**Student:** 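Let me begin by handing over the structure; questions about it come next.
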Amino acid sequence: MHFEKSALYPSPEEGWQIYSSAQDADGKCICTVVAPAQNMCNRDPRSRQLRQLMEKVQNISQSMEVLDLRTYRDLQYVRNTESLMKVVEGKLKVASDNPRSLNPKGFQELKDKVTQLLPLLPVLEQYKADAKMILRLREEVRNLSLVLMAIQEEMGAYDYEELRQRVLLLETRLHSCMQKLGCGKLTGVSNPITVRSSGSRFGSWMTDTMIPSSDNRVWSMDGYFKGRRVLEYRTMNDFMKGQNFVQHLLPHPWAGTGHVVYNGSLYYNKYQSNIIIKYHFRSRSVLVQRSLSGAGYNNTFPYSWGGSSDIDLMADENGLWAVYTTIPNAGNIVISRLEPQSLEVLQTWDTGFPKRSAGESFMICGTLYVTNSHLAGAKIYFAYYTNTSSYEYTDIPFHNQYSHISMMDYNPRERVLYTWNNGHQVLYNVTLFQVIKTSGD
């Protein structure tokens with residue numbers, strides 16, 4: 001049985017694509033799963049319209065509260081001056097009936113009482129202004145009612161929040177299903193999704209590649225030369241906003257951008273050496289360091305862009321890997337599978353592909369995929385299969401949006417490619433093709 005699947009990070013232009021099934025010429029089942037980004041509902045025009053309406057309702061509610069408080073205050077003032085107004089009214093009536101009774105002393109008292117009533121004038125002016133505001137609010141409420149009725153007619157009997165929750169539930173089920181599908185062969189790469197623009201031209205960023213894991217932290221390492229500062233963000237959303245982060249100062253500087261986080265530890269190449277260091281984030285300590293025997297370093301065998309990218313560490317569904325080259329291998333790419341605790345080399349393959357001709361590389365399901373350039377127009381050009389020790393030339397295009405990729409790694413938990421492209425942190429969705437043998441095959 002064949003399965004074709006895509007990861008959970010489609011480009012912003014992509015919408016919902018649901019399960020579909022068909023049969024090929026041999027009668028085998030072909031299924032496709034593409035899940036949308038989790039904020040798909042938030043991009044729905046009706047969702048934006050509803051949010052705007054909610055904001056208007058909130059503004060109207062606040063205005064009504066202000067009016068209520070002001071009216072209550074002014075009413076209390078009017079009540080307090082009510083007795084004073086009756087006194088003034090009585091004195092004016094006496095003066096009107098008998099003008100001669102209004103002597104200088106009485107006139108002064110009346111004048112004083114009238115002066116005490118003068119603050120009532122701005123209160124009455126405020127009443128007039130508030131009356132106009134009430135008319136305006138009444139008009140806004142009427143308009144809101146019309147818009148809400150139109151949305152209700154458009155959406156039918158379904159509650160929008162209920163629909164959104166159903167979408168989120170379906171996304172969770174799709175994600176769970178995809179995790180069960182297992183490995184496959186890379187057949188396509190989506191359009192790039194720019195997550196953030198930060199840092200210099202070169203660098204790396206990543207999440208934990210261990211399966212399974214509930215760790216949502218994001219790490220960023222700017223630069224390729226003698227860097228020691230690693231920024232740790234609590235979530236992807238925090239990384240996007242540049243907030244809620246802590247700093248790790250590594251005891252030894254790094255070289256290149258080929259770092260990887262695996263099971264809570266950072267694996268990186270020590271500056272001016274072929275030593276791999278395992279740094280544990282929680283304890284902020286080096287757990288182990290080991291030389292990668294014979295591996296070139298310090299721009300001896302880098303990728304085409306240079307940057308001390310001699311040793312590239314990565315992880316996939318099968319574990320931890322090192323991609324590098326040696327002088328005996330004549331500069332061709334070597335793949336070694338590493339034991340994560342001791343960093344011991346478990347097995348090694350010589351791909352025969354010259355490393356200086358590669359822009360970047362990444363592992364998916366035990367297969368090394370190599371790009372032919374780090375610049376615009378790059379494509380995935382070569383694949384080496386460690387399970388069969390064989391290779392093939394491929395032609396898988398992808399859009400190098402910012403024209404200078406200095407890091408490209410696959411994350412098996414999320415099934416996306418993480419890239420650092422000319423100061424931009426970018427994700428790519430991948431499509432894998434899988435062949436599963438069933439009892440009927």
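Any value given below was found using the heavy atoms of this structure, including those in side chains, with hydrogens, waters and symmetry copies removed. Note that this is a predicted model, so its numbers are computed, not measured.
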**Student:** Is it the case that the side chain of R290 and the backbone of S342 share a donor-acceptor pair, with hydrogens and angles ignored and the cut-off at 3.5 Å?
**Tutor:**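 Answer holds: yes.
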**Student:** Would you check, one step at a time, whether the test side chain to side chain donor-acceptor pair (under 3.5 Å) holds for H280 with S285?
**Tutor:** CA-CA 6 Å; H280 189 244; S285 63; 5.3 Å; no
**Student:** Would a 4.5 Å heavy-atom cut-off, applied to side chains only, mark S204 and W219 as touching?
**Tutor:**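 In short, these two side chains do not touch, never coming nearer than 4.5 Å.
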**Student:** Give a yes or no on whether the backbone of M314 and the side-chain of D409 come within a donor-acceptor separation of less than 3.5 Å.
**Tutor:**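 The answer is no, because no donor-acceptor pair under 3.5 Å joins these two groups.
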**Student:** Please find the pair of heavy atoms, one from Y233 and one from Q243, that lie closest to each other, and give the distance.
**Tutor:**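 Residues Y233 and Q243, closest heavy atoms: CD2-O, 3.4 Å.
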**Student:** If we check side-chain hydrogen bond (donor to acceptor under 3.5 Å, both in side chains) with K379, which of these qualifies: N372, T371, D395?
**Tutor:**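 For K379, the side-chain hydrogen bond (donor to acceptor under 3.5 Å, both in side chains) check succeeds only for D395.
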**Student:** Which residues satisfy the salt bridge (charged side-chain N to carboxylate O under 4.0 Å, His left out) test with R217, sequence neighbours excluded?
**Tutor:**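 Only D215, E232 meet the salt bridge (charged side-chain N to carboxylate O under 4.0 Å, His left out) criterion with R217.
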**Student:** Tell me if a side-chain donor or acceptor on N274 pairs with a main-chain N or O of S291 at a distance below 3.5 Å.
**Tutor:**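 Side chain of N274 to backbone of S291: no pair is present.
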**Student:** Are R196 and W205 side-chain neighbours, meaning at least one heavy-atom pair lies under 4.5 Å?
**Tutor:**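 They are not in contact (no side-chain heavy atoms under 4.5 Å apart), so the answer is no.
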**Student:** How far apart are the closest heavy atoms of N318 and R337, and which atoms are they?
**Tutor:**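 It is O-NH1, 4.1 Å.
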**Student:** What's the shortest heavy-atom distance between G296 and I311, and which atoms?
**Tutor:**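 Result for this residue pair: O-CG1, 3.8 Å.
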**Student:** Could you pull out all residues at least two apart from H424 that satisfy ring-ring contact (aromatic ring centres under 6.0 Å, His included)?
**Tutor:**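 Scan of H424 (ring-ring contact (aromatic ring centres under 6.0 Å, His included), adjacent residues dropped) gives Y402.
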**Student:** Can you tell me how far apart CG (N299) and CZ (F225) are? Round to the nearest 0.5 Å.
**Tutor:**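 Result: 9.5 Å between the selected atoms.
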**Student:** In terms of the angle between their ring planes, are W321 and W349 parallel, tilted or perpendicular, with boundaries placed at 30° and 60°?
**Tutor:**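 Because their plane-to-plane angle lies in the 30° to 60° range, the rings of W321 and W349 count as tilted.
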**Student:** For D222, give me all partners under side-chain contact (heavy atoms from CB on, under 4.5 Å), at least two apart in sequence or on another chain.
**Tutor:**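 Listed in chain order: S200, W420.
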**Student:** Among all residues two or more places apart in sequence or in another chain, which pass the side-chain contact (heavy atoms from CB on, under 4.5 Å) test with Q341?
**Tutor:**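 Once residues adjacent in sequence are excluded, the partners of Q341 under the side-chain contact (heavy atoms from CB on, under 4.5 Å) criterion are K278, E339.
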**Student:** In chain order, what residues pass the salt bridge (charged side-chain N to carboxylate O under 4.0 Å, His left out) check against K241, with sequence neighbours excluded?
**Tutor:**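 Listed in chain order: nothing, the list is empty.
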**Student:** In a table with atom names and distances, give each donor-acceptor pair under 3.5 Å that connects a side chain of residues 380-388 to protein atoms at least two apart or in another chain.
**Tutor:**
unit_1: Y385; atom_1: OH; unit_2: E392; atom_2: OE2; d: 2.3
unit_1: T386; atom_1: OG1; unit_2: G366; atom_2: O; d: 2.5
unit_1: T388; atom_1: OG1; unit_2: S390; atom_2: OG; d: 2.5

**Student:** Applying salt bridge (charged side-chain N to carboxylate O under 4.0 Å, His left out), name anything that partners R234, two or more places apart in sequence or on another chain.
**Tutor:**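 By the salt bridge (charged side-chain N to carboxylate O under 4.0 Å, His left out) rule, R234 matches D238.
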**Student:** First locate atom CG of L186, then atom OG1 of T367, and finally report the distance between them rounded to the nearest 0.5 Å.
**Tutor:**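 Output value for this atom pair is 9.0 Å.
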**Student:** I'd like to check the side-chain contact (heavy atoms from CB on, under 4.5 Å) partners of A255; sequence neighbours left out, ordered by chain and number.
**Tutor:**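 Applying side-chain contact (heavy atoms from CB on, under 4.5 Å) to A255 gives N269, Y271, S308.
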**Student:** Under a 4.5 Å cut-off applied to non-hydrogen side-chain atoms, are L417 and L427 in contact?
**Tutor:**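 Heavy-atom side-chain distance check fails, nothing below 4.5 Å.
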**Student:** Tell me the closest heavy-atom pair linking K355 and S309, and the distance in Å.
**Tutor:**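 Nearest heavy atoms, K355 then S309: NZ-O, 2.6 Å.
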**Student:** Applying ring-ring contact (aromatic ring centres under 6.0 Å, His included), can you list everything that pairs with Y369, at least two apart in sequence or on another chain?
**Tutor:**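 In terms of ring-ring contact (aromatic ring centres under 6.0 Å, His included), with neighbours along the sequence ignored, Y369 is linked to F362.
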**Student:** Do V334 and V323 come close enough that some side-chain heavy atom pair is under 4.5 Å?
**Tutor:**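 Heavy-atom side-chain distance check fails, nothing below 4.5 Å.
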**Student:** When rounded to the nearest 0.5 angstrom, what distance separates OG in S406 from NE2 in H374?
**Tutor:**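 NE2 of H374 is found 9.0 Å from OG of S406.
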**Student:** Just one of T326, T325, N332 clears the side-chain hydrogen bond (donor to acceptor under 3.5 Å, both in side chains) bar with N329, so which one?
**Tutor:**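 Only one option passes, and that is T326.
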**Student:** When you measure from the side chain of T394 to the backbone N and O of I396, does any donor-acceptor pair fall under 3.5 Å?
**Tutor:**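 Absent.
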**Student:** With side chains defined as the heavy atoms from C-beta onward, is the minimum distance between M408 and S361 less than 4.5 Å?
**Tutor:**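 No, every pair of side-chain atoms sits at 4.5 Å or beyond.
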**Student:** Is the closest side-chain heavy-atom distance between T207 and N216 below 4.5 Å?
**Tutor:**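 They are not in side-chain contact.
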**Student:** Side-chain contact, heavy-atom cut-off 4.5 Å: Y391 with T351?
**Tutor:**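 Side chain of Y391 against side chain of T351, heavy atoms only: no contact under 4.5 Å found.
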**Student:** Are any of the side-chain heavy atoms of D316 and I364 separated by less than 4.5 Å?
**Tutor:**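 No, too far: nothing below the 4.5 Å cut-off.
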**Student:** Can you list the residues that meet the side-chain contact (heavy atoms from CB on, under 4.5 Å) rule with S403, with sequence neighbours excluded?
**Tutor:**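 Partners of S403 under the side-chain contact (heavy atoms from CB on, under 4.5 Å) test: A376.
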**Student:** For V261, which of F281, Y279, Y267 qualifies under side chain to side chain contact (heavy atoms under 4.5 Å, CB included)?
**Tutor:**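 Of all the options given, the one that passes is F281.
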**Student:** Go through the structure and list residues passing side chain to side chain donor-acceptor pair (under 3.5 Å) with R356, not counting sequence neighbours.
**Tutor:**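 Side chain to side chain donor-acceptor pair (under 3.5 Å) check on R356 returns nothing, list empty.
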**Student:** Which residue pairs satisfy the side chain to side chain donor-acceptor pair (under 3.5 Å) criterion with at least one member in residues 253-265, sequence neighbours excluded?
**Tutor:**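 Residue pairs with at least one partner in residues 253-265: there are none.
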